[in-house]
Amino acid sequence: MSMPATAPSAPPAPATAGAPSARTLAALALDLLAEAQSLQDAALQALARRCAVDGVVDAAHADAWQPACYELAWSAAELLAARTGLDGDGPDAAADGLDGALALLFAADALGSVLRRLDGVGLDLGFDRARWLALAGGAGLQQLRQAVVGSSSVQALGRAVAGGGEVAEVGAVPLDADVAMAQASFRRFAAEQVAPWAERIHREDLTVPEALLQPLREMGVFGLSIPEAHGGSAPEGSGNAPMMVAVTEALSEASLAAAGSLITRPEILSRALLAGGTPAQQAHWLPRIARGEPLCAIAITEPDAGSDVAALALRAQRVPGGWRLIGAKTWCTLAGKAGLLMVVARTGDAAAGHRGLSILLVEKSAFEGHAFELTQPDGGRLSGRAIPTLGYRGMHSFDLAFDGFFVPDAALLGGEAGLGRGFYFTMAGMVGGRLQTAARACGVMRAALRAAVRYSAERRVFGAALADMPLTQAKTARLAAQVAACRRLTYAVARRLEAGGAPMEASLVKLLACRTAETVTREAMQLHGGMGYAEEMAVSRWFVDARVLSIFEGAEETLALKVVARSLLDDALKAG
């Protein structure tokens, strides 16, 4: 059963008699987006031919075209978000009212951005630009821009978003009743329990306290993607993606580091266990992860490898009864507090690349501080040191050093059948992790937009409320349009994942939402003026926290080039 989303207020009426209706403009925008998609497809096919060797995309050839690949990945994200905002993810999901007007603004801006990207790519590839010129200079795009992006229209939309000093609900999506109920419950918890802790955790660089962790355990937050048969709350055969997105977004509104990001690690590890774990490993670990006892951390990144998973070098050396880990990991979030580490290690020859990787489930004691050291009776050691960071404090990301640290045979994910399969199990986990990261970005954006609207209504400058300034209204409209587009796309991709598709789109929405969160929090901070730079204002914390979103769970450049663009080029070769 679906529960209707909060009804948005109506957008401003057209300023002139005879102006095209919202439905007419939406149909026009969809036609223009379809033509832009056709140009995008042509660019992808032209690029795929240059990157292909014997009918498949060659990594070295694709790397030679990195700027074009990067631009086409971004234009794919913008096109998908614009289409989703206008026609939804089903016959009853199209945006209407205020959200419909915001979707039109986002689509008009996205078309301009996509055309700029395609212009540069087309010049590099040397294909006929006649169709590009026809679209960019055509009457249809001019009509859309005339109706949607003129100053008076955008200002009126900004006033509709911020009416009465309280931001309207933007990016509303239809939710099943249980998801809507959970979203409301976690929003209350975030406002009443997380928010009072958030500033202190950030400013004093504290570890997330049990005062937050224990109630979250009781609310089942760590088992959202784990099947009910294994102690979680996901229905059998479901990844529970819409629920995970709704809960993550709600918690992230109060604090990214103190609450919203707690779900990421169990999300990744539980999906990896479900993809490759033995029945005994699933039975042993999944109920414990679902209870949040132990907390878990993901150890993938290495100092000399970054996002290049195939270059990972931490060795798992086989010894009687198990393995000895030798090497280093970095940016391992929550590694001190965690009692279980998912360690991606090299069990095969370095020449095997990603095919020589396996996953080992490493148990350890939990530590509260910023450093720890474990010494085993036989001399094996594991030490960790928290990395001082600009933001995202509360969970702490650690450098880890493994010095002959022993783990038993039972720790190898998938048993002997899992040898060399670690990369694939990790990628299975990362699909959920990237979608969850997009949801985190949406929560941060939503909070920043609300704060900016409230502050603008209260702040007076040059004898008037900041909210009454035309530029403030225009900024508010565009921020709301971006937030709405990212929210609608994130929930749409969650529904598509539930239906068994869209793994690449999880990377695509992560790409878009995380960069957009930087823009939205930056502009929200700017609207606060000097106070926005003060640590006492939550918007300053959201700004520095948002900056990490484009870096972790797949750095923006790696995600665009190695995941999104590679998938687009593969599809272009198959189609053409």
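In this chain, numbering begins with 1 at the start of the sequence shown.
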Exercise for the section: Assess whether salt bridge (Lys or Arg N to Asp or Glu O under 4.0 Å) is satisfied between R541 and E536, documenting all intermediate values. Expected result: CA-CA 9 Å; R541 170 168 47 83; E536 67 186 83; over 6 Å; no

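- A heavy-atom distance below 4.5 Å is not found between the side chains of L314 and L400.
- Using modelled atom types, one finds no donor on one side chain facing an acceptor on the other under 3.5 Å when comparing E535 with S540.
- The side-chain tip of K337 does not point at the ring of F398 from less than 6.0 angstrom away and within 45° of straight on.
- In this structure the side chain of W197 never reaches within 4.5 angstrom of the side chain of S255, judged on heavy atoms.
- The shortest distance between side-chain heavy atoms of L341 and L361 does not fall below 4.5 Å.
- For Y392 and S261, the side-chain atoms include at least one donor-acceptor pair closer than 3.5 Å.
- A donor-acceptor pair under 3.5 Å is absent between the side-chain atoms of E228 and the main chain of E236, judged by distance alone.
- Taken from CZ in R117 to CG in L72, the straight-line distance is 9.5 Å, to the nearest 0.5 Å.
- Side chain to side chain, T207 and E368 fail the donor-acceptor criterion of an N or O pair below 3.5 Å.
- Under the 3.5 Å distance criterion, the side-chain polar atoms of E204 are left unmatched by any main-chain donor or acceptor of I201.
- Partners of E498 by salt bridge (Lys or Arg N to Asp or Glu O under 4.0 Å), not counting sequence neighbours: none found.
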Problem - Evaluation steps, salt bridge (Lys or Arg N to Asp or Glu O under 4.0 Å), between R446 and E249 - result: CA-CA 9 Å; R446 188 175 184 274; E249 182 189 40; 5.2 Å; no

Problem - Trace of the salt bridge (Lys or Arg N to Asp or Glu O under 4.0 Å) decision for D87 with R83 - result: CA-CA 6 Å; D87 66 5; R83 288 198 309 272; 5.8 Å; no

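- In this pair, H396 and H370 present their aromatic rings tilted. The plane angle is within the 30 to 60° band.
- With rounding to the nearest 0.5 angstrom, the CD1 atom of I268 is 12.0 Å from the CD1 atom of I263.
- Using a 4.5 Å cut-off on side-chain heavy atoms (C-beta onward), V431 and R271 make no contact.
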Practice task
Kindly indicate, with the supporting measurements, whether the criterion side chain to side chain contact (heavy atoms under 4.5 Å, CB included) is fulfilled by V247 and Q183.
Solution key: CA-CA 6 Å; V247 171; Q183 183 185 68; over 6 Å; no

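- Between the side chain of R393 and the backbone N or O of T389 there is at least one donor-acceptor pair closer than 3.5 Å.
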Exercise for the section: Evaluate side chain to side chain contact (heavy atoms under 4.5 Å, CB included) for W74 paired with L511, printing each intermediate quantity in order. Expected result: CA-CA 8 Å; W74 272 103; L511 186 72; 3.9 Å; yes

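- Looking at T437 and R440, their side chains do bring a donor and an acceptor atom within 3.5 Å of each other.
- Looking at Q482, its side chain never comes within 3.5 Å of a backbone N or O of F106 through a donor-acceptor pair.
- A side-chain donor-acceptor contact under 3.5 Å links E518 and S550.
- D399 and T330 share a side-chain donor-acceptor pair at under 3.5 Å.
- In summary, of the residues considered (T248, L213, L295), a side-chain contact (heavy atoms from CB on, under 4.5 Å) with L262 occurs for L213 alone.
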Exercise for the section: May I have the step-by-step check of salt bridge (Lys or Arg N to Asp or Glu O under 4.0 Å) for E210 and R217, ending in yes or no? Expected result: CA-CA 10 Å; E210 283 295 323; R217 289 187 184 103; 2.8 Å; yes

Exercise for the section: Could you walk me through whether I551 and R547 pass the side chain to side chain contact (heavy atoms under 4.5 Å, CB included) test, one step at a time? Expected result: CA-CA 8 Å; I551 298 172; R547 185 61 192 90; 4.1 Å; yes

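- A 4.5 Å side-chain heavy-atom check between K329 and L312 finds at least one atom pair inside the cut-off.
- Closest approach of W542 and A254 over heavy atoms only: NE1-O, 4.1 Å.
- A donor-acceptor distance shorter than 3.5 angstrom exists from the side chain of D99 to the backbone of A172, with no hydrogens or angles considered.
- There is no side-chain donor-acceptor pair under 3.5 Å between S456 and T472.
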Practice task
Go through T426 and F423 one step at a time and tell me if the side chain to side chain contact (heavy atoms under 4.5 Å, CB included) criterion holds.
Solution key: CA-CA 5 Å; T426 301; F423 174 82; 5.7 Å; no

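- Using modelled atom types, one side-chain atom of N240 and one backbone atom of L224 make a donor-acceptor pair closer than 3.5 Å.
- Here the side chains of M531 and M537 are in contact, with some heavy-atom distance below 4.5 Å.
- Between D545 and A257, the shortest heavy-atom contact is OD2-N, 4.4 Å.
- Contact check for L508 versus L559: no side-chain heavy atoms found under the 4.5 Å cut-off.
- Contact check for L449 versus V170: side-chain heavy atoms found under the 4.5 Å cut-off.
- In this structure, T521 contributes its side chain and A517 its backbone to a donor-acceptor pair below 3.5 Å.
- In the model, R188 has no side-chain atom that pairs as donor or acceptor with a side-chain atom of Q193 under 3.5 Å.
- Ring-centre distance between H528 and Y533: not below the 6.0 Å cut-off.
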